[in-house]
Amino acid sequence: MSYEYRSGLGWDSHRIAVGRPMLLGGVRIESEFGLEGHSDADILLHAITDALLGALALGDIGMHFPDTDPRWKGAASMQFLLHALKLVADKKFEIVNLDTTVILERPKLQDYRQTIREHLAGNMSLPVDAVSVKFKTAEKVGPVGEGRSAEAQALVTVRRKLES
Ligand code: C5P
Ligand code: MG
């Protein structure tokens, strides 16, 4: 059996704001501040969505869901990811694995790792061991390190069976 493999890279950043929720991978994080944004500002879901779109060269999240469109105000970002997954499936590709990093000074996220992995795996119809979620601080340097913003990165590999 031979396959065509493709990879996609996603990145996102949102400003930290008091009075906003913090959602990462669709999971609510207990925190005294959250992330600003037109949608629910889930940077991890946005990075994963862009990685999927990138793997198939289908543009980016803003092209599919413009933040000037009132339909996406306060939107649950899982719907962006589900849309990208459908585009991938329509092109007969399946996901091999997903690797991600969230860069946030605080709060500590490691206790959420398994919940986020399971939530992503469930929504993406993947085994949990194909979904990696990593966390880093920015060592108190730059906007992330100073607690003014948070970032997420995602790398996804997809494959499609080739006709023999
Ligand atoms: O950034 P640093 O290398 O100091 O992070 C050390 C560890 O702390 C990471 O490997 C990660 O498991 C954890 N971490 C965390 N929550 C964060 C940042 C890092 O749990 N917001
Ligand atoms: Mg975003």
Side-chain angles (χ1 to χ4, degrees), residues 7-55 58-69 72-85 88 95-158:
S7 296
L9 180 68
W11 176 87
D12 196 23
S13 171
H14 280 242
R15 202 185 281 266
I16 281 172
V18 175
R20 286 274 305 174
M22 185 179 293
L23 286 146
L24 291 174
V27 172
R28 180 71 188 251
I29 308 296
E30 221 174 287
S31 168
E32 69 252 36
F33 48 77
L35 299 169
E36 222 172 76
H38 184 70
S39 67
D40 64 10
D42 190 324
I43 45 173
L44 182 53
L45 291 182
H46 295 179
I48 297 168
T49 302
D50 257 0
L52 285 168
L53 295 173
L58 292 171
D60 61 33
I61 195 169
M63 196 182 108
H64 294 267
F65 303 99
D67 64 6
T68 47
D69 189 329
W72 314 127
K73 189 164 165 49
S77 297
M78 189 57 81
Q79 67 181 289
F80 304 156
L81 175 58
L82 295 178
H83 178 76
L85 286 168
V88 168
I95 297 170
V96 178
N97 76 302
L98 169 69
D99 186 20
T100 66
T101 304
V102 174
I103 309 140
L104 179 72
E105 209 61 22
R106 64 188 180 92
K108 276 278 175 223
L109 297 167
Q110 57 202 6
D111 290 349
Y112 290 96
R113 192 190 319 270
Q114 195 58 15
T115 307
I116 295 173
R117 290 178 72 205
E118 285 170 8
H119 191 67
L120 288 173
N123 278 278
M124 298 175 77
S125 306
L126 288 172
V128 177
D129 69 3
V131 178
S132 155
V133 177
K134 310 190 301 304
F135 307 115
K136 292 298 285 181
T137 68
E139 298 288 345
K140 299 191 167 64
V141 178
V144 178
E146 290 162 9
R148 290 188 280 126
S149 64
E151 294 181 7
Q153 304 171 337
L155 183 67
V156 68
T157 299
V158 298

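Atom set for the values below is all heavy atoms of this structure, side chains included, hydrogens, waters and symmetry mates excluded. In this text the structure is predicted, and so the values were computed from the model without any measurement.
The two residues His83 and His64 come nearest to each other via the heavy atoms NE2-ND1, 3.8 Å. The shortest non-hydrogen separation linking Leu52 to Leu81 is CD1-CD1, 3.4 Å. Closest approach of Leu53 to Ile61, counting heavy atoms only: CD1-N, 3.6 Å. Residues Thr49 and Ala84 share a closest heavy-atom pair of CG2-CB, 3.9 Å. Across Arg117 and Asp129, no two heavy atoms sit closer than the pair NH2-CA, 3.7 Å. Contact detail for Ala41 and Ser77: the closest heavy-atom pair is N-OG, 4.4 Å.
Residues Tyr112 and Pro107 form no side-chain contact, since every pair of their non-hydrogen atoms from C-beta on lies 4.5 Å or further apart. Annotation: side chain of Val156 is not in contact with side chain of Ile48 (no heavy-atom distance under 4.5 Å).
Distance check: Asp40 CG to Met78 CE gives 9.5 Å after rounding to the nearest 0.5 Å. One distance of note links CD of Gln79 with OG of Ser39; it measures 9.0 Å at 0.5 Å rounding.
Every residue two or more places apart in sequence or in another chain that forms a side-chain contact (heavy atoms from CB on, under 4.5 Å) with Ala121 is listed here: Val128, Val131. Looking at residues two or more places apart in sequence or on another chain, you find a salt bridge (charged side-chain N to carboxylate O under 4.0 Å, His left out) between Arg15 and Glu36. Judged as a side-chain contact (heavy atoms from CB on, under 4.5 Å), and not counting sequence neighbours, the contacts of Thr101 are Ile103, Lys134, Lys136, Gln153. With sequence neighbours left out, Glu118 forms a salt bridge (charged side-chain N to carboxylate O under 4.0 Å, His left out) with no residue at all. With sequence neighbours excluded, the residues that form a salt bridge (charged side-chain N to carboxylate O under 4.0 Å, His left out) with Glu32 are Arg106.
Proximity of a side-chain donor or acceptor of Asp42 to a complementary backbone N or O of Gly26 within less than 3.5 Å is detected. The backbone N or O of Ala152 lies less than 3.5 Å from no partner atom in the side chain of His46, so there is not a single donor-acceptor pair. Here the side chain of Asp60 pairs no donor or acceptor atom with the backbone of Asp50 at under 3.5 angstrom. In terms of modelled atom types and a separation under 3.5 Å, the side chain of Glu151 and the main chain of Trp11 share no donor-acceptor contact. Counting only distance, with no hydrogens or angles, the side chain of His14 and the backbone of Ile43 share no donor-acceptor pair below 3.5 Å.
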Give the C-alpha distance, both sets of side-chain angles, the deciding distance and a yes or no for side-chain contact (heavy atoms from CB on, under 4.5 Å) between Leu23 and Ile29.
CA-CA 6 Å; Leu23 286 146; Ile29 308 296; over 6 Å; no
Given Leu24 and Leu109, is the side-chain contact (heavy atoms from CB on, under 4.5 Å) satisfied, shown in steps?
CA-CA 10 Å; Leu24 291 174; Leu109 297 167; 3.8 Å; yes
Applying side-chain contact (heavy atoms from CB on, under 4.5 Å), run through Leu104 and Ile16 and close with a yes or a no.
CA-CA 10 Å; Leu104 179 72; Ile16 281 172; 3.9 Å; yes
Does the pair Val158 and Val96 meet the rule for a side-chain contact (heavy atoms from CB on, under 4.5 Å), with working shown?
CA-CA 5 Å; Val158 298; Val96 178; 5.7 Å; no
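Between the side chains of Gln110 and Arg113, no donor-acceptor pair of N or O atoms lies under 3.5 Å. Residues Asp99 and Ser132 have side chains that bring a donor and an acceptor to within less than 3.5 angstrom of each other.
Note on residues 20-30: no pairs pass salt bridge (Lys or Arg N to Asp or Glu O under 4.0 Å), not counting sequence neighbours.
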